[in-house]
Amino acid sequence: MSNEIRAVLIPIETDRKLLLPNAMVAEVLGMRSIDNIEQDVDWVLGTVSWRGWDIPLIDFAVLTGSEADSTIKSSYNLAVLKSINHPEDMPYFAVLSRGIPKLQLVSRGDMQLHEEKAINHNAIASLVSIQDEMADIPNMNYLETNLISITQSAA
């Protein structure tokens, strides 16, 4: 049995990526129209239509402290993620990708945990590097719980 897992690196800023297991990524889409929802946080961009669902779209970089980007470029992509902690409340949501997500085989030896670097937000579980690329591993429970709370209050 191999110790490798299939993972996806999602570019959320020029020099930052999210690292997720491939099994969590339902689909990668080109940019599409975003419908606004009434809410008070700048990291929830609105909803997008996907396979008959209106799913929330988030900007993980803004959530974790980066400046909000006022222009969403048509070259951006969306990574549709499966909700793992609360699928009954929110089966899917999308993350803004500022580039093309990349499939990568990751083994234990490829990934280095950066315990010395301070994690600046509860939405980040760990900071790692894989073959000289830094990546955030998201705290999915925190992310999903907060996203459900925001989108349900907006409904």
Side-chain angles (χ1 to χ4, degrees), residues 1-32 34 41-51 53-69 72-73 75-151:
M1 184 167 122
S2 173
N3 285 335
E4 292 182 321
I5 62 163
R6 292 178 189 257
V8 178
L9 285 167
I10 301 170
I12 57 171
E13 286 187 284
T14 305
D15 57 348
R16 274 181 77 200
K17 295 178 174 53
L18 277 182
L19 177 66
L20 294 166
N22 184 48
M24 279 188 63
V25 180
E27 191 170 349
V28 174
L29 313 165
M31 183 48 68
R32 50 187 56 199
I34 302 169
V41 295
D42 54 358
W43 59 273
V44 178
L45 302 175
T47 62
V48 292
S49 290
W50 176 71
R51 296 186 182 193
W53 300 70
D54 287 330
I55 60 172
L57 171 62
I58 68 163
D59 188 332
F60 193 83
V62 172
L63 169 63
T64 55
S66 294
E67 293 278 323
D69 191 355
I72 305 269
K73 298 179 182 170
S75 62
Y76 291 169
N77 292 288
L78 307 175
V80 177
L81 306 182
K82 298 173 189 172
S83 183
I84 58 173
N85 294 295
H86 306 283
E88 66 284 350
D89 296 319
M90 183 185 65
Y92 301 96
F93 64 99
V95 174
L96 185 66
S97 175
R98 289 174 170 82
I100 299 172
K102 175 172 88 169
L103 186 62
Q104 176 135 6
L105 282 175
V106 178
S107 69
R108 231 179 252 275
D110 292 338
M111 191 165 54
Q112 290 189 295
L113 187 62
H114 289 278
E115 295 175 356
E116 74 284 358
K117 294 194 181 214
I119 293 175
N120 67 353
H121 199 280
N122 289 333
I124 302 171
S126 301
L127 300 172
V128 298
S129 60
I130 303 166
Q131 300 171 353
D132 299 327
E133 287 193 274
M134 289 294 296
D136 299 356
I137 296 176
N139 176 341
M140 295 306 290
N141 191 42
Y142 175 90
L143 180 59
E144 291 173 19
T145 301
N146 282 281
L147 186 55
I148 289 166
S149 172
I150 290 164
T151 56

* For Glu27, does the CD atom sit with more than 12 other heavy atoms under 6.0 Å from it, leaving out its own atoms? -> yes
* To do: Using modelled atom types only, decide if a donor and an acceptor are shared between the side chain of Thr145 and the backbone of Tyr142 within a distance under 3.5 Å.
  => no
* For Asp110, which residues count as a side chain to side chain donor-acceptor pair (under 3.5 Å) partner, sequence neighbours excluded? -> Ser107
* To do: With sequence neighbours left out, write down each residue that passes side chain to side chain contact (heavy atoms under 4.5 Å, CB included) with Ser49, or none if nothing qualifies.
  => Asp54
* List the steps, then state whether side-chain contact (heavy atoms from CB on, under 4.5 Å) holds for Leu96 with Leu78. => CA-CA 5 Å; Leu96 185 66; Leu78 307 175; 4.2 Å; yes
* Out of Val80, Thr47, Thr151, which one pairs with Ile55 under the side chain to side chain contact (heavy atoms under 4.5 Å, CB included) rule? -> Val80
* Hey, is the main chain of Pro138 close enough, under 3.5 Å, to the side chain of Asp136 for a donor-acceptor pair? -> no
* Who are the side chain to side chain donor-acceptor pair (under 3.5 Å) partners of Lys102, not counting sequence neighbours? -> Glu133
* Is the side chain of Ser83 donor-acceptor paired with the backbone N or O of Met90 at a distance under 3.5 Å, no angle test? -> yes
* **Over 12 foreign heavy atoms within 6.0 Å of CZ, Arg6** => no
* Return yes when atom CG of Leu105 has more than 12 non-hydrogen atoms of other residues, nucleotides or ligands closer than 6.0 Å, and no otherwise. => yes
* To do: Determine the minimum heavy-atom distance between Trp43 and Leu143, stating which atoms define it.
  => CZ3-CD1, 4.0 Å
